[in-house]
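Values in this document were obtained by computation on a predicted structure and should not be read as measured data.
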Amino acid sequence: MKLEPFVFNITPSEALTESLDATLLFPSTAISTSISPIDRFIENSNRLSVIYANSPFREAFNPELGAVLLLGHVSAVESYLRGVVRGLVLVDEHTEFLASPKELSYFAASHHARDLLPEALLESISFSNAATVSFTLKEFCGITGMGNGNFPKELKPVFDKYSDICQLRHCCVHRFGLLGASNAHKLGLPKGSPQIEKPLSLTIDMLEDISSILQKFVLSLNAYIYRDVLERTFSRSSLNTLDKSEHQYDAKWALDFAQDKERFARYHSLFAVTAVNPPSPSLRDSYDAFLIWIQDTLAERAKAMQRTAQQRAQQRVAPAQSAGASAAPSVPPAPNPSPSPTLTKTGLLAKVRAFFGV
């Protein structure tokens, strides 16, 4: 006997009449200012801080609002990371090379403007955990010390804190703030902790600490990536090594601000921050610091080459002197010649430039 279907609506609901118009949700007339990813992060974080820093929002603060603001602060970090990766693909020769084999959807390729195409590479990537941040910076940008679950030693403390904050984010996104057993384990809580399945309850002071930690994480990471990328623009170019197999850059620095200004400015504008005190050094001061490092490196390289040449010359002379000493009568040794004057840095740099064809 066929049963009649059980009909009982335990949760009555009206017919769906609402609509979501994406053209209204994301207005095309909105204007985005052209600032560095780090300045954008500071700006976004400050907008969130206003909500709980001033009345009447401060008086209305509750755990649910705290959870929403936590999501916003982590989202600001993710936006920064996307901006840096996208920017490096556009301005850095080696990053562009690493990104070139990555696949894009036809929709992205046909609809994105050229300067936004690198953003499409990251559409399937979430920076909501520290390991993914490390992997992406290695995979797309070749940043030293990243990837394979590793972090640069100097950045490990801030990465560890970022990882903890991401666990709080997971609780908010997937469990409406409740602490899961897996989250508790990754946060270092003991097995059977009474906090499991309890709701996240942030205070304003806690949220301010989280905001401060994330800002230190982003500022430290920004400085590290800047140094690492600039260093390899020299070390992996013909200016530093004649071995073409080690080259990651066809372009090389002219060691002159007027000639290098346009190229260097692309890196400086991507990483410089103006929204904190003190701000980043000026374009010229930053270039001068980079130039001094290059000059010092080339000077040390020249000294090392000179020492190697002297050692080889001594090795060639030693057998001949030994043979001559056995045949000739003993004579007193000649006095040591006075040492030649040391080259000035300018003269040494000129010789190094000539050697490398700069």
Non-hydrogen side-chain atoms of [X] and [Y] separated by less than 4.5 Å:
X	Y	value
Lys102	Leu121	yes
Asn183	Arg175	yes
Leu270	Ser36	no
Asn222	Val273	no
Thr233	Tyr267	yes
Leu230	Trp253	yes
Leu221	Leu137	yes
Ser286	Phe264	yes

**OP:** Please list, chain by chain and in numerical order, all residues satisfying ring-ring contact (aromatic ring centres under 6.0 Å, His included) with Phe61, sequence neighbours excluded.
**Re:** none
With a 3.5 Å distance limit and no angle check, can you tell me whether [X] reaches the backbone of [Y] through a side-chain donor-acceptor pair?
X	Y	value
Ser45	Phe41	yes
Ser282	Asp285	yes
Ser100	Glu96	yes
His268	Pro281	yes
Asn150	Met146	no
Thr136	Val133	no
Lys303	Ala299	no
Thr274	Pro279	no
Ser134	Ala131	no
Ser269	Ala265	yes

Subject >> Salt-bridge contact Arg263-Glu93 (side-chain N to carboxylate O under 4.0 Å) >> reply: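 A salt bridge is absent here (no side-chain N lies under 4.0 Å from a carboxylate O).
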Subject >> SB check Arg236 Glu231 (cutoff 4.0 Å) >> reply: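 No, this pair does not count.
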Any chain of hydrophobic side-chain contacts (each under 4.5 Å) joining [X] to [Y]?
X	Y	value
Val173	Ile125	no
Phe26	Leu20	yes
Val68	Ile204	no
Phe97	Val84	no
Leu90	Ile225	yes

**OP:** Give the intermediate values and the outcome of side chain to side chain contact (heavy atoms under 4.5 Å, CB included) for residues Ser126 and Glu78.
**Re:** CA-CA 8 Å; Ser126 171; Glu78 295 191 70; 3.7 Å; yes
How many angstroms lie between [atom1] in [X] and [atom2] in [Y], if you round to the nearest 0.5 Å?
X	Y	atom1	atom2	answer
Leu187	Ile165	CG	CD1	10.5 Å
Leu239	Leu298	CG	CG	5.5 Å
Leu200	Gln195	CG	CD	12.0 Å
Ser193	His185	OG	NE2	13.0 Å
Leu168	Leu202	CG	CG	7.0 Å
Ser237	Lys252	OG	NZ	8.0 Å

**OP:** Could you give me the CA-CA distance, side-chain angles and deciding distance for Arg82 and Phe127, then say whether side chain to side chain contact (heavy atoms under 4.5 Å, CB included) is met?
**Re:** CA-CA 9 Å; Arg82 293 179 187 280; Phe127 292 108; 3.6 Å; yes
**OP:** Output, in order, the C-alpha distance, side-chain angles, deciding distance and verdict of side chain to side chain contact (heavy atoms under 4.5 Å, CB included) for Asp260 and Phe290.
**Re:** CA-CA 11 Å; Asp260 289 333; Phe290 181 52; over 6 Å; no
Would one find more than 12 heavy atoms of other residues, nucleotides or ligands at under 6.0 Å from atom [atom1] of [X]?
X	atom1	answer
Gln310	CD	yes
His174	NE2	yes
Lys156	NZ	no

Taking all non-hydrogen atoms of both residues into account, name the closest pair between [X] and [Y] and its distance.
X	Y	value
Phe151	Gly149	CE1-O, 4.0 Å
Val74	Arg169	CG1-CD, 3.7 Å
Asn9	Ser13	ND2-N, 4.2 Å
Ala60	Leu65	O-CD2, 4.4 Å
Glu197	Gly180	OE2-CA, 4.3 Å
Cys141	Arg232	O-NH1, 2.6 Å

Output side-chain donor-acceptor pairs under 3.5 Å for residues 206-219, partner residues at least two apart or in another chain, one line each.
none

Original post:
So is Lys261 actually on top of Tyr287's ring, under 6.0 Å and inside 45° of the axis?
Top reply: no
Original post:
Should the pair Arg284 and Phe257 be classed as cation-pi, given the thresholds of under 6.0 Å to the six-membered ring centre and 45° from the axis?
Top reply: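 Satisfied, under 6.0 Å and within 45°.
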**OP:** Fit a plane to each ring of Tyr249 and His94, take the angle between them on a 0 to 90° scale, and name the class: parallel (under 30°), tilted (30 to 60°) or perpendicular (over 60°).
**Re:**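 Tilted.
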Original post:
Going through the checks in order, is the side chain to side chain contact (heavy atoms under 4.5 Å, CB included) test met by His170 and Ser128?
Top reply: CA-CA 8 Å; His170 295 333; Ser128 58; 3.8 Å; yes
When you check the side-chain N and O atoms of [X] and [Y], is any donor under 3.5 Å from an acceptor?
X	Y	result
Ser245	Asp243	yes
Asn129	Thr132	yes
Asp228	Thr144	yes
Thr23	Asp21	yes
Asn44	Tyr80	no

